[in-house]
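First comes the structure, then the notes that go with it.
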Amino acid sequence: MVKPVPVTSPLLPPLEDFIPYLQQIWDSRRLTNGGPFHEQLEKELAEYLGVEHLCLFANGTLALVTALQALRVTGEVITTPYSFVATAHSLLWNGLKPVFVDIDPHTCNLDPAKIEEAITPLTTAILPVHCYGTPCDTDRIQRIADTYGLKVIYDAAHAFAVRQDGTSILRNGDLSILSFHATKVFNTFEGGAIVCPDAKIKQRVDFLKNFGFADEVTVVAPGINGKMSEVNAAFGLLQLKHIDAALARRQRIDGMYRDALKAVKGISFACQDRQGHNYSYFPILVGDDFGISRDELYESFRERDILVRRYFYPLISQFPMYRGGDSARDARLPIAREISSRVLCLPIYDSLSDELLDQVVALIKAHAAESSR
Ligand SMILES: *Cc1c(COP(=O)(O)O)cnc(C)c1O
């Protein structure tokens with residue numbers, strides 16, 4: 001039995017390297033609530049990423065939900081339909097109305113040129129996503145936010161370690177959130193974080209993720225339980241030792257895919273600018289001139305047990321809890337619709353072998369050759 005090839009596979013250091021961390025937890029009997037590994041991971045991650053402060057969370061979705069609470073966002077929030085569904089779900093969990101705005105075809109991110117026309121008197125914030133780890137046009141988004149007095153929360157779940165002009169992409173906006181889910185570039189099994197620009201907002205987020213407790217007897221907000229456990233934090237510290245090698249391998253895979261596929265008729269790359277990138281995904285777009293459709297190519301991969309994924313299809317705006325909204329209408333989101341119907345994410349992860357990569361490339365080229373005959 002040959003194992004299926006997944007679209008991603010988690011970074012996992014040798015098990016024996018993790019045992020000493022577990023021993024320490026058993027010795028200290030500190031399992032959670034800001035234990036020593038939690039504190040150390042907050043510090044080391046902030047240093048590694050080049051940000052001021054970071055609050056660890058049990059997962060990225062709780063980080064998103066809490067970030068919106070921390071900034072007291074109300075009313076309407078402008079966001080992208082081209083993302084993982086948790087982006088918009090975090091708005092519904094806060095009783096907020098998502099207003100979908102179309103994306104830029106070159107970045108797959110919220111198109112800043114279309115944000116202003118979506119602003120109403122009820123708009124209080126913008127929730128963009130650095131899709132596939134490609135930076136949003138942060139300068140333009142900030143100018144719009146400043147002009148209209150809006151908060152900006154970046155869903156940076158794909159953007160671990162991404163840099164722009166030498167600085168972390170996570171330093172933009174009022175807050176950024178990260179996900180450390182198993183499928184992400186850096187994982188703690190489950191986990192996430194809010195990146196905070198100053199100690200004041202970090203303190204508020206720290207209260208909010210622990211039921212709103214400011215001290216033993218004082219509850220200052222209707223907080224939630226968003227805390228990361230010591231086991232997850234310890235695993236994160238071990239992962240940090242391996243992350244540079246994993247990112248380097250991803251970069252090589254990205255380069256090999258690009259070289260092998262750039263001349264294939266009907267195949268284009270969904271992300272162009274790879275400066276400071278983390279190579280978290282490898283999305284291709286299947287054009288009409290490829291010969292077979294995106295879905296036929298998808299099925300062809302599946303038949304061979306190569307589990308490519310259609311990120312992001314369907315659009316968030318097409319799910320039942322969103323599709324009734326005016327901004328969710330297809331006519332409003334032509335670019336997102338188009339890319340969503342053509343995109344296919346190829347396998348990319350640190351342990352992907354050159355042989356498997358060659359198989360993926362060979363299948364695409366075989367279909368291309370067939371259609372040009
Ligand atoms: C993974 C992801 C999330 C959710 O993170 P979890 O840690 O799985 O809760 C949110 N937004 C985007 C864009 C994601 O890809």
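Just follow the structure's listing: the first ligand is 1, and inside any ligand the first atom is 1.
Annotation for V73 and L96: closest pair O-CD2, 3.4 Å, computed over non-hydrogen atoms.
For the residue pair T61/H89, the side-chain donor-acceptor check at 3.5 Å is not satisfied. Between the side chains of S280 and N278, at least one donor N or O sits under 3.5 Å from an acceptor N or O. T147 and R143 are not linked by any side-chain donor-acceptor pair at a separation below 3.5 angstrom, with hydrogens and angles left out of the test.
Within 4.0 Å of ligand 1, heavy atoms belong to protein residues N59, G60, T61, S83, F84, A86, T87, D155, A157, H158, S179, H181, K184, G191.
With sequence neighbours left out, the side-chain contact (heavy atoms from CB on, under 4.5 Å) criterion links I224 to L62, T66.
In this structure, R258 is positioned above the aromatic face of F269, its NZ or CZ under 6.0 Å from the six-membered ring centre and within 45° of the axis.
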